[in-house]
Amino acid sequence: MLSMELFRNDADKIRADHDKRGIPHDRINRVIAIDEEWRNALKSMEDGRRERNLAAKGIADAKKSGSKEDADRIMAQVKDLGDRIAQLDEKANSLLEERDSIRMRIPNLLHEAVPIGADEGGNTQHSLHGEKPQFDFEPKTHNELIEMNKWVDLERAAKVAGSRFFFLKGDLARLELALQTYAVDFLIGRGFTFIQPPVMMNRDAYEGVTDLSDFETVMYGITPDPLYMIATSEHPLTSMYMDEVIEPSLLPIKLVGVSPCFRREVGAHGLSDRGIWRVHQFTKIEQVVITHPDDSWDHHEDLLKNCVDLWDALDLHYEVVNICTGDMGTVAARKYDLEAWLPGAEAFKEVVSCSNCTDYQANRLRMRYRTSEGNAAVHTLNSTAVATSRALVAIMEQNQLEDGRVRVPKCLVPMMNGKTHLEPCQL
RNA sequence: GCGGCGAUCGCAUAGCCUGGCCAUUGCGUCGGAUUGCUAAUCCGAUGGGUCUUCCCACGGGGGUUCGAAUCCCCCUCGCCGCGCCA
(Lines give C-alpha, C1' and ligand atoms only; values in the text may rest on other atoms or scores of the structure.)
Protein backbone atom coordinates (compact mmCIF):
# COMPACT_ATOMS: atom_id res chain seq x y z
CA MET A 1 0.00 0.00 0.00
CA LEU A 2 1.29 3.42 -0.92
CA SER A 3 1.51 5.97 1.87
CA MET A 4 -1.18 8.65 2.08
CA GLU A 5 1.51 11.35 1.97
CA LEU A 6 2.26 10.28 -1.59
CA PHE A 7 -1.37 10.75 -2.65
CA ARG A 8 -1.58 14.13 -0.93
CA ASN A 9 1.74 15.62 -1.99
CA ASP A 10 2.99 13.79 -5.04
CA ALA A 11 0.05 12.19 -6.82
CA ASP A 12 1.55 12.84 -10.25
CA LYS A 13 4.29 10.38 -9.40
CA ILE A 14 1.64 7.68 -8.93
CA ARG A 15 -0.12 8.75 -12.15
CA ALA A 16 3.11 8.54 -14.13
CA ASP A 17 3.63 5.04 -12.73
CA HIS A 18 0.14 4.00 -13.77
CA ASP A 19 0.92 5.24 -17.28
CA LYS A 20 3.93 2.92 -17.38
CA ARG A 21 1.74 0.01 -16.37
CA GLY A 22 -0.97 1.04 -18.81
CA ILE A 23 -3.74 1.37 -16.23
CA PRO A 24 -6.14 4.33 -15.83
CA HIS A 25 -5.91 7.00 -13.13
CA ASP A 26 -9.45 6.82 -11.84
CA ARG A 27 -8.63 4.93 -8.65
CA ILE A 28 -5.93 7.43 -7.72
CA ASN A 29 -8.29 10.34 -8.20
CA ARG A 30 -10.95 8.54 -6.22
CA VAL A 31 -8.59 8.00 -3.27
CA ILE A 32 -7.67 11.68 -3.26
CA ALA A 33 -11.31 12.79 -3.46
CA ILE A 34 -12.47 10.47 -0.67
CA ASP A 35 -9.49 11.49 1.45
CA GLU A 36 -10.61 15.12 1.15
CA GLU A 37 -14.13 14.14 2.17
CA TRP A 38 -12.84 12.08 5.06
CA ARG A 39 -10.73 14.93 6.38
CA ASN A 40 -13.80 17.21 6.38
CA ALA A 41 -15.93 14.57 8.08
CA LEU A 42 -13.22 13.95 10.65
CA LYS A 43 -13.02 17.66 11.36
CA SER A 44 -16.76 17.94 12.10
CA MET A 45 -16.58 14.88 14.30
CA GLU A 46 -13.61 16.24 16.19
CA ASP A 47 -15.44 19.53 16.71
CA GLY A 48 -18.27 17.57 18.30
CA ARG A 49 -15.89 15.74 20.57
CA ARG A 50 -14.21 18.96 21.55
CA GLU A 51 -17.58 20.36 22.55
CA ARG A 52 -18.26 17.26 24.60
CA ASN A 53 -14.89 17.40 26.32
CA LEU A 54 -15.44 21.04 27.25
CA ALA A 55 -18.89 20.24 28.62
CA ALA A 56 -17.59 17.30 30.64
CA LYS A 57 -14.93 19.51 32.12
CA GLY A 58 -17.54 22.19 32.90
CA ILE A 59 -19.66 19.64 34.73
CA ALA A 60 -16.70 18.39 36.71
CA ASP A 61 -15.77 21.94 37.72
CA ALA A 62 -19.32 22.85 38.60
CA LYS A 63 -19.72 19.78 40.78
CA LYS A 64 -16.45 20.46 42.51
CA SER A 65 -17.45 23.99 43.39
CA GLY A 66 -20.76 22.64 44.66
CA SER A 67 -22.96 24.21 42.02
CA LYS A 68 -25.34 21.40 41.23
CA GLU A 69 -27.61 23.66 39.14
CA ASP A 70 -24.78 24.59 36.77
CA ALA A 71 -23.87 20.96 36.34
CA ASP A 72 -27.47 19.97 35.59
CA ARG A 73 -27.83 22.83 33.14
CA ILE A 74 -24.77 21.81 31.12
CA MET A 75 -25.81 18.16 31.20
CA ALA A 76 -29.17 19.08 29.71
CA GLN A 77 -27.43 21.05 26.96
CA VAL A 78 -25.24 18.19 25.77
CA LYS A 79 -27.67 15.35 26.17
CA ASP A 80 -27.98 14.57 22.46
CA LEU A 81 -24.38 15.38 21.62
CA GLY A 82 -23.30 11.74 21.95
CA ASP A 83 -25.67 10.63 19.20
CA ARG A 84 -24.53 13.41 16.90
CA ILE A 85 -20.89 12.46 17.40
CA ALA A 86 -21.68 8.79 16.79
CA GLN A 87 -23.31 9.67 13.46
CA LEU A 88 -20.41 11.85 12.35
CA ASP A 89 -17.97 9.18 13.47
CA GLU A 90 -19.74 6.53 11.47
CA LYS A 91 -19.63 8.70 8.37
CA ALA A 92 -15.91 9.38 8.78
CA ASN A 93 -15.16 5.71 9.35
CA SER A 94 -17.04 4.53 6.29
CA LEU A 95 -15.18 7.10 4.17
CA LEU A 96 -11.86 5.96 5.57
CA GLU A 97 -12.72 2.35 4.90
CA GLU A 98 -13.74 3.14 1.34
CA ARG A 99 -10.57 5.16 0.75
CA ASP A 100 -8.29 2.40 1.97
CA SER A 101 -10.08 -0.45 0.26
CA ILE A 102 -9.31 1.34 -3.01
CA ARG A 103 -5.82 2.26 -1.89
CA MET A 104 -5.09 -1.39 -1.03
CA ARG A 105 -5.65 -2.28 -4.69
CA ILE A 106 -3.32 0.35 -6.11
CA PRO A 107 0.00 -1.24 -7.04
CA ASN A 108 3.46 -0.31 -5.82
CA LEU A 109 5.60 2.30 -7.59
CA LEU A 110 7.96 0.69 -10.06
CA HIS A 111 11.72 1.08 -10.09
CA GLU A 112 12.84 3.20 -13.04
CA ALA A 113 14.90 0.33 -14.50
CA VAL A 114 11.84 -1.89 -14.96
CA PRO A 115 11.40 -2.50 -18.69
CA ILE A 116 8.11 -1.34 -20.23
CA GLY A 117 5.99 -4.14 -21.62
CA ALA A 118 2.40 -5.31 -21.84
CA ASP A 119 2.91 -8.87 -20.61
CA GLU A 120 5.60 -11.49 -20.01
CA GLY A 121 6.68 -11.07 -23.62
CA GLY A 122 8.17 -7.75 -22.54
CA ASN A 123 10.53 -9.29 -19.99
CA THR A 124 14.21 -8.92 -20.87
CA GLN A 125 17.18 -11.17 -20.30
CA HIS A 126 19.46 -9.88 -17.55
CA SER A 127 22.14 -12.59 -17.74
CA LEU A 128 22.77 -16.17 -18.83
CA HIS A 129 24.50 -18.75 -16.63
CA GLY A 130 26.05 -22.18 -16.95
CA GLU A 131 26.40 -24.37 -20.01
CA LYS A 132 23.49 -25.71 -21.96
CA PRO A 133 23.65 -29.49 -21.41
CA GLN A 134 24.25 -31.55 -24.55
CA PHE A 135 22.87 -35.07 -24.97
CA ASP A 136 23.77 -37.78 -27.48
CA PHE A 137 20.31 -39.20 -26.97
CA GLU A 138 16.80 -37.77 -26.93
CA PRO A 139 16.42 -36.19 -23.44
CA LYS A 140 13.33 -37.22 -21.55
CA THR A 141 10.87 -34.93 -19.80
CA HIS A 142 10.81 -35.02 -16.01
CA ASN A 143 7.41 -36.67 -16.27
CA GLU A 144 8.94 -39.60 -18.10
CA LEU A 145 11.83 -39.77 -15.63
CA ILE A 146 9.69 -39.77 -12.48
CA GLU A 147 7.45 -42.41 -13.97
CA MET A 148 10.15 -44.83 -15.14
CA ASN A 149 12.06 -44.49 -11.85
CA LYS A 150 8.93 -44.52 -9.64
CA TRP A 151 10.19 -41.42 -7.84
CA VAL A 152 6.76 -39.79 -7.67
CA ASP A 153 3.34 -41.32 -7.09
CA LEU A 154 0.70 -38.99 -8.48
CA GLU A 155 -2.11 -41.55 -8.70
CA ARG A 156 -2.09 -42.53 -5.05
CA ALA A 157 -1.69 -38.84 -4.05
CA ALA A 158 -4.81 -38.09 -6.09
CA LYS A 159 -6.55 -40.86 -4.17
CA VAL A 160 -5.71 -39.55 -0.70
CA ALA A 161 -5.59 -35.80 -1.41
CA GLY A 162 -6.53 -34.86 -4.98
CA SER A 163 -4.94 -33.93 -8.26
CA ARG A 164 -1.73 -31.86 -8.21
CA PHE A 165 -0.54 -33.50 -4.99
CA PHE A 166 2.31 -35.99 -4.92
CA PHE A 167 4.15 -38.59 -2.91
CA LEU A 168 7.89 -38.07 -3.34
CA LYS A 169 9.79 -41.36 -3.02
CA GLY A 170 13.18 -42.98 -2.64
CA ASP A 171 16.32 -41.25 -3.89
CA LEU A 172 14.44 -38.24 -5.26
CA ALA A 173 12.86 -37.60 -1.85
CA ARG A 174 16.29 -37.93 -0.29
CA LEU A 175 17.68 -35.41 -2.79
CA GLU A 176 14.88 -33.03 -1.87
CA LEU A 177 16.04 -33.08 1.74
CA ALA A 178 19.64 -32.56 0.65
CA LEU A 179 18.57 -29.48 -1.33
CA GLN A 180 16.85 -28.04 1.73
CA THR A 181 19.88 -28.60 3.93
CA TYR A 182 22.31 -27.26 1.34
CA ALA A 183 20.32 -24.09 0.66
CA VAL A 184 19.73 -23.34 4.35
CA ASP A 185 23.41 -23.84 5.25
CA PHE A 186 24.43 -21.75 2.24
CA LEU A 187 22.34 -18.79 3.44
CA ILE A 188 23.29 -19.20 7.09
CA GLY A 189 26.82 -18.79 5.74
CA ARG A 190 25.75 -15.45 4.27
CA GLY A 191 24.44 -14.05 7.51
CA PHE A 192 20.80 -15.17 7.38
CA THR A 193 18.98 -16.45 10.47
CA PHE A 194 17.21 -19.75 9.94
CA ILE A 195 13.49 -19.62 10.75
CA GLN A 196 10.79 -22.25 10.66
CA PRO A 197 7.53 -20.29 10.50
CA PRO A 198 3.90 -21.12 11.19
CA VAL A 199 2.26 -22.45 8.03
CA MET A 200 -1.09 -20.88 8.77
CA MET A 201 -1.78 -17.17 9.16
CA ASN A 202 -4.72 -15.01 10.19
CA ARG A 203 -6.43 -12.63 7.79
CA ASP A 204 -5.06 -9.43 9.30
CA ALA A 205 -1.43 -10.43 8.92
CA TYR A 206 -2.07 -11.94 5.52
CA GLU A 207 -3.64 -8.79 4.10
CA GLY A 208 -0.41 -7.04 4.94
CA VAL A 209 1.73 -9.05 2.58
CA THR A 210 -0.29 -10.03 -0.44
CA ASP A 211 -2.55 -8.89 -3.23
CA LEU A 212 -6.17 -9.12 -2.06
CA SER A 213 -7.24 -11.17 -5.06
CA ASP A 214 -4.92 -13.94 -3.84
CA PHE A 215 -7.50 -14.80 -1.18
CA GLU A 216 -9.79 -15.98 -3.98
CA THR A 217 -7.26 -17.73 -6.20
CA VAL A 218 -4.15 -18.71 -4.25
CA MET A 219 -4.64 -19.35 -0.53
CA TYR A 220 -6.48 -22.18 1.13
CA GLY A 221 -8.81 -21.06 3.92
CA ILE A 222 -9.12 -23.30 6.98
CA THR A 223 -12.57 -24.30 8.17
CA PRO A 224 -13.81 -23.60 10.81
CA ASP A 225 -10.96 -21.39 12.00
CA PRO A 226 -10.29 -18.02 10.34
CA LEU A 227 -6.84 -19.00 9.08
CA TYR A 228 -5.10 -19.40 5.73
CA MET A 229 -2.42 -21.87 4.68
CA ILE A 230 0.67 -19.93 3.65
CA ALA A 231 1.53 -19.76 -0.05
CA THR A 232 5.20 -19.17 0.83
CA SER A 233 7.25 -18.59 3.98
CA GLU A 234 7.79 -15.05 2.67
CA HIS A 235 4.39 -14.29 4.16
CA PRO A 236 4.93 -15.24 7.82
CA LEU A 237 8.56 -14.11 7.74
CA THR A 238 7.70 -10.67 6.36
CA SER A 239 4.75 -10.13 8.68
CA MET A 240 6.72 -11.39 11.68
CA TYR A 241 7.48 -7.83 12.79
CA MET A 242 4.08 -6.32 11.96
CA ASP A 243 2.87 -3.50 14.24
CA GLU A 244 6.38 -3.03 15.57
CA VAL A 245 8.84 -0.17 15.67
CA ILE A 246 12.18 -1.79 14.93
CA GLU A 247 15.38 -0.49 16.47
CA PRO A 248 17.55 0.71 13.54
CA SER A 249 20.52 -1.16 15.03
CA LEU A 250 18.68 -4.45 14.27
CA LEU A 251 18.47 -3.65 10.54
CA PRO A 252 18.93 -5.32 8.17
CA ILE A 253 17.02 -8.36 9.41
CA LYS A 254 17.99 -11.25 7.13
CA LEU A 255 15.92 -14.43 7.41
CA VAL A 256 15.98 -17.77 5.66
CA GLY A 257 12.75 -19.72 6.00
CA VAL A 258 11.83 -23.25 5.05
CA SER A 259 8.23 -24.31 4.82
CA PRO A 260 5.71 -26.20 2.81
CA CYS A 261 3.84 -23.83 0.47
CA PHE A 262 0.17 -24.31 -0.33
CA ARG A 263 -1.43 -22.98 -3.50
CA ARG A 264 -4.87 -23.55 -4.93
CA GLU A 265 -3.68 -22.84 -8.49
CA VAL A 266 -7.18 -21.81 -9.53
CA GLY A 267 -7.35 -21.57 -13.29
CA ALA A 268 -4.21 -23.62 -13.93
CA HIS A 269 -4.71 -26.20 -16.63
CA GLY A 270 -2.80 -27.97 -19.31
CA LEU A 271 -0.52 -30.84 -20.02
CA SER A 272 2.59 -28.68 -19.73
CA ASP A 273 1.91 -28.45 -16.01
CA ARG A 274 1.70 -32.17 -15.37
CA GLY A 275 4.00 -33.91 -12.93
CA ILE A 276 5.43 -31.96 -10.03
CA TRP A 277 6.01 -28.65 -11.83
CA ARG A 278 2.78 -26.97 -10.71
CA VAL A 279 1.37 -28.51 -7.54
CA HIS A 280 -0.79 -27.62 -4.56
CA GLN A 281 1.98 -28.28 -2.03
CA PHE A 282 5.72 -27.93 -2.31
CA THR A 283 8.65 -26.99 -0.13
CA LYS A 284 10.50 -23.73 -0.53
CA ILE A 285 13.61 -22.19 0.99
CA GLU A 286 13.05 -18.46 1.01
CA GLN A 287 15.18 -15.39 1.70
CA VAL A 288 13.55 -12.40 3.40
CA VAL A 289 15.19 -9.08 4.21
CA ILE A 290 13.72 -6.25 6.27
CA THR A 291 15.87 -3.18 5.84
CA HIS A 292 16.44 0.56 5.93
CA PRO A 293 15.03 2.18 2.74
CA ASP A 294 18.46 3.51 1.76
CA ASP A 295 19.91 -0.02 1.53
CA SER A 296 17.09 -1.91 -0.08
CA TRP A 297 18.31 -1.78 -3.68
CA ASP A 298 21.72 -3.07 -2.61
CA HIS A 299 20.02 -5.91 -0.77
CA HIS A 300 17.95 -6.68 -3.84
CA GLU A 301 21.16 -7.23 -5.83
CA ASP A 302 22.57 -9.29 -2.94
CA LEU A 303 19.52 -11.55 -2.94
CA LEU A 304 19.95 -12.13 -6.66
CA LYS A 305 23.67 -12.79 -6.16
CA ASN A 306 22.82 -15.40 -3.52
CA CYS A 307 20.50 -17.15 -5.97
CA VAL A 308 23.02 -17.01 -8.76
CA ASP A 309 25.79 -18.44 -6.56
CA LEU A 310 23.49 -21.11 -5.21
CA TRP A 311 22.21 -22.20 -8.64
CA ASP A 312 25.76 -22.05 -10.03
CA ALA A 313 26.83 -24.36 -7.22
CA LEU A 314 24.12 -26.79 -8.36
CA ASP A 315 25.77 -26.55 -11.78
CA LEU A 316 22.58 -25.77 -13.67
CA HIS A 317 21.94 -23.82 -16.85
CA TYR A 318 19.53 -20.89 -16.39
CA GLU A 319 18.87 -17.27 -17.27
CA VAL A 320 18.02 -14.28 -15.11
CA VAL A 321 15.04 -12.29 -16.37
CA ASN A 322 14.19 -8.67 -15.70
CA ILE A 323 10.41 -8.61 -15.19
CA CYS A 324 8.60 -5.89 -17.15
CA THR A 325 5.84 -3.47 -16.10
CA GLY A 326 2.99 -5.59 -17.46
CA ASP A 327 4.15 -8.76 -15.68
CA MET A 328 5.02 -7.21 -12.33
CA GLY A 329 2.01 -7.70 -10.08
CA THR A 330 0.84 -5.46 -7.28
CA VAL A 331 3.40 -5.68 -4.51
CA ALA A 332 6.89 -5.63 -6.04
CA ALA A 333 8.69 -2.52 -7.28
CA ARG A 334 11.23 -4.57 -9.17
CA LYS A 335 11.55 -8.29 -9.79
CA TYR A 336 14.09 -10.71 -11.22
CA ASP A 337 13.16 -14.25 -12.10
CA LEU A 338 15.54 -17.16 -12.56
CA GLU A 339 14.40 -19.45 -15.34
CA ALA A 340 16.03 -22.85 -15.57
CA TRP A 341 16.61 -24.66 -18.83
CA LEU A 342 14.43 -27.73 -19.22
CA PRO A 343 15.81 -29.93 -22.03
CA GLY A 344 12.65 -32.05 -22.08
CA ALA A 345 10.53 -28.97 -22.74
CA GLU A 346 13.26 -27.15 -24.70
CA ALA A 347 12.46 -23.97 -22.79
CA PHE A 348 13.50 -21.80 -19.85
CA LYS A 349 10.93 -22.00 -17.05
CA GLU A 350 10.55 -20.02 -13.84
CA VAL A 351 12.23 -21.42 -10.73
CA VAL A 352 13.05 -18.33 -8.63
CA SER A 353 11.44 -14.96 -8.06
CA CYS A 354 13.42 -12.15 -6.42
CA SER A 355 11.55 -8.97 -5.43
CA ASN A 356 12.05 -5.65 -3.72
CA CYS A 357 8.66 -4.64 -2.31
CA THR A 358 10.04 -1.31 -0.97
CA ASP A 359 7.62 0.09 1.66
CA TYR A 360 4.47 -1.44 0.14
CA GLN A 361 4.12 -4.35 2.59
CA ALA A 362 5.60 -2.32 5.46
CA ASN A 363 2.88 0.33 5.11
CA ARG A 364 0.19 -2.30 5.33
CA LEU A 365 1.89 -4.10 8.20
CA ARG A 366 2.63 -0.85 10.11
CA MET A 367 6.24 -2.00 10.29
CA ARG A 368 8.56 0.95 11.01
CA TYR A 369 11.99 1.87 12.24
CA ARG A 370 12.91 4.71 14.56
CA THR A 371 14.47 7.89 13.17
CA SER A 372 15.27 11.23 14.80
CA GLU A 373 12.35 12.75 12.83
CA GLY A 374 9.88 10.07 13.85
CA ASN A 375 9.10 6.60 12.60
CA ALA A 376 9.36 5.63 8.95
CA ALA A 377 8.35 2.52 7.02
CA VAL A 378 11.03 -0.14 6.49
CA HIS A 379 11.56 -1.87 3.16
CA THR A 380 10.90 -5.58 2.65
CA LEU A 381 12.45 -7.91 0.11
CA ASN A 382 12.01 -11.55 -0.67
CA SER A 383 13.52 -14.10 -2.97
CA THR A 384 13.20 -17.77 -3.54
CA ALA A 385 16.43 -19.59 -2.82
CA VAL A 386 15.13 -22.97 -3.94
CA ALA A 387 11.60 -24.23 -4.58
CA THR A 388 12.52 -27.87 -4.25
CA SER A 389 9.94 -29.41 -6.58
CA ARG A 390 10.99 -27.17 -9.46
CA ALA A 391 14.70 -27.51 -8.67
CA LEU A 392 14.27 -31.28 -8.78
CA VAL A 393 12.68 -30.99 -12.21
CA ALA A 394 15.60 -28.90 -13.47
CA ILE A 395 18.17 -31.29 -11.95
CA MET A 396 16.42 -34.36 -13.34
CA GLU A 397 16.12 -32.98 -16.86
CA GLN A 398 19.60 -31.44 -17.06
CA ASN A 399 21.48 -34.28 -15.29
CA GLN A 400 19.73 -37.26 -16.84
CA LEU A 401 21.62 -40.22 -18.31
CA GLU A 402 20.48 -42.31 -21.21
CA ASP A 403 19.32 -45.14 -18.91
CA GLY A 404 17.09 -42.71 -17.01
CA ARG A 405 19.23 -42.39 -13.92
CA VAL A 406 20.12 -38.86 -12.72
CA ARG A 407 23.51 -37.51 -11.66
CA VAL A 408 23.52 -35.86 -8.24
CA PRO A 409 24.96 -32.30 -8.31
CA LYS A 410 28.47 -32.45 -6.83
CA CYS A 411 27.70 -30.12 -3.94
CA LEU A 412 24.86 -32.37 -2.78
CA VAL A 413 26.77 -35.66 -2.87
CA PRO A 414 28.04 -35.32 0.75
CA MET A 415 24.42 -34.88 1.90
CA MET A 416 23.41 -37.98 -0.07
CA ASN A 417 25.73 -40.23 1.90
CA GLY A 418 28.17 -40.14 -1.00
CA LYS A 419 25.63 -41.29 -3.54
CA THR A 420 26.46 -39.87 -6.99
CA HIS A 421 23.39 -41.07 -8.94
CA LEU A 422 19.71 -41.38 -8.19
CA GLU A 423 18.59 -44.97 -8.57
CA PRO A 424 15.04 -46.11 -9.37
CA CYS A 425 12.72 -46.59 -6.42
CA GLN A 426 11.84 -50.23 -5.81
CA LEU A 427 8.39 -49.58 -4.36
C1' G B 1 -11.44 -27.93 26.61
C1' C B 2 -12.14 -26.08 32.05
C1' G B 3 -10.75 -22.67 36.03
C1' G B 4 -7.82 -18.48 37.87
C1' C B 5 -4.95 -14.16 36.77
C1' G B 6 -3.37 -10.62 33.37
C1' A B 7 -2.62 -7.03 28.65
C1' U B 8 -1.09 0.78 29.74
C1' C B 9 3.71 4.66 24.88
C1' G B 10 10.44 1.13 22.06
C1' C B 11 10.97 -1.95 26.95
C1' A B 12 9.55 -1.96 32.03
C1' U B 13 6.00 0.20 35.32
C1' A B 14 1.93 3.61 38.35
C1' G B 15 -3.12 4.75 38.04
C1' C B 16 -8.36 0.70 38.08
C1' C B 17 -11.14 -1.08 44.10
C1' U B 18 -13.76 4.60 45.03
C1' G B 19 -15.38 7.32 36.89
C1' G B 20 -13.97 13.89 36.29
C1' C B 21 -6.41 17.90 36.84
C1' C B 22 -2.00 17.30 31.55
C1' A B 23 -1.83 8.76 31.75
C1' U B 24 2.99 8.34 36.35
C1' U B 25 7.85 6.89 36.87
C1' G B 26 12.37 4.24 35.40
C1' C B 27 15.31 2.42 31.36
C1' G B 28 16.54 2.85 26.35
C1' U B 29 16.87 6.14 22.09
C1' C B 30 17.52 11.10 19.96
C1' G B 31 18.92 16.38 20.56
C1' G B 32 21.43 20.12 23.52
C1' A B 33 24.72 21.72 27.57
C1' U B 34 28.95 20.71 30.46
C1' U B 35 33.49 18.29 32.26
C1' G B 36 39.91 15.80 29.86
C1' C B 37 39.19 10.14 30.63
C1' U B 38 36.18 4.05 26.73
C1' A B 39 32.11 7.74 29.94
C1' A B 40 29.64 10.53 33.80
C1' U B 41 26.31 14.55 35.01
C1' C B 42 22.41 18.07 33.85
C1' C B 43 18.41 19.88 30.57
C1' G B 44 14.89 18.84 26.72
C1' A B 45 12.33 15.52 23.32
C1' U B 46 10.55 10.56 22.60
C1' G B 47 2.19 6.72 20.76
C1' G B 48 -0.97 8.39 16.35
C1' G B 49 -3.62 12.14 13.45
C1' U B 50 -4.82 17.33 9.29
C1' C B 51 2.18 18.03 14.06
C1' U B 52 -2.46 21.44 16.58
C1' U B 53 -4.36 26.59 22.36
C1' C B 54 -7.48 20.67 18.86
C1' C B 55 -8.72 15.39 18.40
C1' C B 56 -7.62 10.31 19.23
C1' A B 57 -4.94 6.35 21.94
C1' C B 58 -4.45 2.34 28.06
C1' G B 59 -5.02 -5.58 23.71
C1' G B 60 -9.86 -5.38 20.08
C1' G B 61 -15.20 -4.54 19.80
C1' G B 62 -19.68 -3.09 22.09
C1' G B 63 -22.52 -1.12 26.46
C1' U B 64 -23.67 2.19 30.84
C1' U B 65 -22.75 7.67 31.57
C1' C B 66 -22.94 14.55 30.50
C1' G B 67 -18.02 12.14 31.04
C1' A B 68 -14.59 5.52 30.98
C1' A B 69 -7.55 3.34 31.40
C1' U B 70 -11.12 3.00 35.65
C1' C B 71 -17.83 0.01 35.84
C1' C B 72 -20.52 -4.08 32.66
C1' C B 73 -20.64 -7.68 28.37
C1' C B 74 -18.28 -10.23 24.19
C1' C B 75 -13.72 -11.47 21.62
C1' U B 76 -8.31 -12.07 20.98
C1' C B 77 -3.70 -13.04 23.01
C1' G B 78 -0.44 -14.27 27.22
C1' C B 79 0.81 -16.58 32.07
C1' C B 80 -0.45 -20.35 36.00
C1' G B 81 -3.16 -24.83 37.33
C1' C B 82 -6.20 -29.05 35.60
C1' G B 83 -7.59 -32.19 31.38
C1' C B 84 -6.04 -34.10 26.61
C1' C B 85 -1.82 -34.97 23.66
C1' A B 86 3.18 -35.77 19.28
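Each chain gets a letter, A, B and so on, in the order the sequences are listed, and its residues count up from 1.
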Looking at A:Arg8, I'd like to know whether one of its side-chain N or O atoms comes within less than 4.0 Å of OP1 or OP2 on B:rU50.
yes
Could you state the atom-to-atom distance from [atom1] of [X] to [atom2] of [N] in whole Å?
X	N	atom1	atom2	answer
A:Leu42	B:rU52	CG	P	16 Å
A:Asp89	B:rA57	CG	C1'	14 Å
A:Leu54	B:rC21	CG	P	13 Å

Find the distance between SG (A:Cys261) and NE2 (A:His280) and round it off to the nearest 0.5 Å.
14.0 Å
Within the structure shown, what part of the strands sits under 4.0 Å from [X] by heavy-atom distance: base, sugar-phosphate, or nothing?
X	answer
A:Asn53	sugar-phosphate
A:Ile74	nothing
A:Arg39	base
A:Asp47	nothing
A:Lys63	base
A:Ile246	nothing

Centre of A:Phe215's six-membered ring, under 6.0 Å away, within 45 degrees of the axis: is that where NZ or CZ of A:Arg203 sits?
yes
Which one, B:rC22, B:rC54, B:rC66, comes nearest to the side chain of A:Arg50?
B:rC54
Do the side chains of A:Arg15 and A:Asp12 get close enough for a salt bridge, i.e. N-O under 4.0 angstrom?
yes
How far apart are the closest heavy atoms of A:Val218 and A:Ala231, and which atoms are they?
CG1-CB, 3.8 Å
